[in-house]
Asks: 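Okay, here's the structure, questions in a sec.
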Amino acid sequence: NNILKKKLETELTFSKKTCDHLKGKSYWIVGGGTGYGQAIAVALAAANAKVYISGRRQDKLLETIDIIKKNKFNANMCIPIVMDSTMESSVQKAVKSIAESSKGLFGMIYTAALSQGKNFSGRPLHFEPLETWEKRLKTNVTGALICTRQASELMIGCDSMRVIFLTSTAGWAFTKG
């Protein structure tokens, strides 16, 4: 994660064509406080897009905004929304907040995920407690569905609708997020 932050702070550049395409458009990054979500949020901010970042931990969302500020990008265009993607009421509240300050969404990137965690012993999947599996599935899959359903209403009116689901093997490396 420190390597990613270092790269964000020193190597982020875009072509004028890319910046012009993204400028002023609104994007929602679910899981925007860490990892790929954080990197995408910073990249979109660099292109002057309006970025909504959501996640369960406000401190991580604010860390993303600090990176944006440190790079001298417009942090005013990055709006943090504390939300739990596994709870439909929480997602509805987040989407309502986005709708109140945006004409629509041009895209949603879902990067929220739970890994096997610190207590993973390397045992086969059939030894994993059902509760652990259900919690991971609820975040990694069901949360993506809930967010996509809710966000689709804001994306339908835009001339370009994009939904990206993104994860990495970093979740299996037990990295802090």
Side-chain angles (χ1 to χ4, degrees), residues 1-15 18-19 21-23 25-71 73-75 77-87 90-91 94-95 98 102 105-118 120 135-152 154-155 160-177:
N1 212 9
N2 288 335
I3 294 170
L4 174 66
K5 287 179 187 174
K6 187 74 168 169
K7 284 187 174 284
L8 285 172
E9 293 169 1
T10 60
E11 300 177 17
L12 192 58
T13 58
F14 285 106
S15 71
T18 299
C19 286
H21 177 72
L22 297 171
K23 185 177 182 177
K25 292 180 180 171
S26 297
Y27 296 89
W28 182 21
I29 315 301
V30 181
T34 60
Y36 282 137
Q38 184 179 71
I40 293 166
V42 173
L44 287 169
N48 289 310
K50 188 167 191 175
V51 184
Y52 297 91
I53 55 173
S54 64
R56 291 175 287 124
R57 298 171 293 176
Q58 184 174 17
D59 61 317
K60 293 296 182 181
L61 299 175
L62 296 177
E63 185 179 301
T64 299
I65 292 174
D66 286 343
I67 292 171
I68 291 168
K69 287 178 182 175
K70 190 181 284 187
N71 282 283
F73 303 136
N74 187 356
M77 296 288 283
C78 186
I79 296 94
I81 302 171
V82 176
M83 176 198 84
D84 184 340
S85 64
T86 67
M87 297 177 55
S90 183
V91 175
V95 169
I98 294 169
S102 178
L105 284 174
F106 283 82
M108 180 192 85
I109 299 101
Y110 190 91
T111 65
L114 293 179
S115 69
Q116 289 184 336
K118 296 175 186 172
F120 178 66
K135 184 176 180 182
R136 187 175 314 117
L137 200 60
K138 192 168 185 181
T139 298
N140 298 8
V141 179
T142 306
L145 173 66
I146 293 169
C147 290
T148 304
R149 282 183 172 174
Q150 295 297 318
S152 64
L154 293 177
M155 291 188 282
S160 176
M161 180 175 155
R162 303 277 190 265
V163 178
I164 299 171
F165 305 102
L166 187 63
T167 190
S168 78
T169 57
W172 301 103
F174 316 114
T175 55
K176 292 184 178 183

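All residue numbers refer to positions in the sequence shown, counting from 1.
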Asks: Answer yes or no: is there a side-chain heavy-atom contact under 4.5 Å between Y52 and L105?
Replies: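 Y52 vs L105: side chains touch.
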Asks: Using modelled atom types and a 3.5 Å cut-off, is there a donor and acceptor pairing between side-chain atoms of Q38 and backbone atoms of G32?
Replies: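 No, because the side chain of Q38 does not come within donor-acceptor range (under 3.5 Å) of the backbone of G32.
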Asks: As an exercise, state the distance from CD1 of I65 to NZ of K60, rounded to the nearest 0.5 Å.
Replies: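 Answer rounded to 0.5 Å: 14.0 Å.
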Asks: Compare every heavy atom of A45 with every heavy atom of V51, then report the nearest pair and how far apart it is.
Replies: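 Answer, listing the atom of V51 first, then A45: CG2-N, 3.9 Å.
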Asks: How long is the gap from CZ on F106 to CG on L44, to the nearest 0.5 Å?
Replies: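 So the CZ of F106 and the CG of L44 are separated by 12.5 Å.
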Asks: Can you tell me if S152 uses its side chain to pair, donor with acceptor, with the backbone of R149 under 3.5 Å?
Replies: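 Yes: the side chain of S152 pairs with the backbone of R149.
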Asks: At their closest point, which heavy atom of W28 faces which heavy atom of C147, and how far apart are they?
Replies: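 Minimum heavy-atom separation between W28 and C147: CZ3-O, 3.9 Å.
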Asks: Using 0.5 Å steps for rounding, measure from the CD1 atom of I29 to the CD1 atom of I109.
Replies: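 Interatomic distance, I29 CD1 to I109 CD1, rounded to 0.5 Å: 3.5 Å.
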Asks: Within the structure provided, determine whether T64 and I68 are in side-chain contact (heavy-atom separation under 4.5 Å).
Replies: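 Result yes, sub-4.5 Å side-chain heavy-atom pair found.
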Asks: Rounded to the nearest 0.5 Å, what separates atom CG in D66 from atom CG in N71?
Replies: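 Output value for this atom pair is 11.0 Å.
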Asks: Does the side chain of T148 reach to within under 4.5 Å of the side chain of M108, using non-hydrogen atoms?
Replies: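 When only atoms from C-beta onward are counted, M108 and T148 do touch, with a gap below 4.5 Å.
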Asks: Can a donor-acceptor pair be found, under 3.5 Å and without considering hydrogens, that links the side chain of T111 to the backbone of V30?
Replies: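 Yes; at least one donor-acceptor contact below 3.5 Å.
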Asks: Are M155 and V163 close enough that some pair of their side-chain heavy atoms sits under 4.5 Å apart?
Replies: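 Touching, per the 4.5 Å side-chain cut-off.
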Asks: CD of Q150 to OG of S85: how many Å apart, nearest 0.5 Å?
Replies: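 Reported value, rounded in 0.5 Å steps: 12.0 Å.
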Asks: Is the shortest side-chain heavy-atom distance between Q58 and L62 below 4.5 Å?
Replies: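 Yes. Closest side-chain heavy atoms under 4.5 Å.
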Asks: Could you give the side-chain donor-acceptor pairs of residues 77-84 under 3.5 Å, partners two or more places apart or in another chain?
Replies:
from: D84; atom 1: OD1; to: T86; atom 2: N; distance (Å): 2.9
from: D84; atom 1: OD1; to: T86; atom 2: OG1; distance (Å): 2.7
from: D84; atom 1: OD2; to: T86; atom 2: OG1; distance (Å): 3.4

Asks: Please find the pair of heavy atoms, one from L61 and one from S54, that lie closest to each other, and give the distance.
Replies: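 Of all heavy-atom pairs spanning L61 and S54, the closest is CD2-C, 3.7 Å.
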Asks: State, yes or no, whether a side-chain contact exists between L166 and Y110 at a heavy-atom distance under 4.5 Å.
Replies: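 Counting from C-beta outward, L166 and Y110 never come under 4.5 Å.
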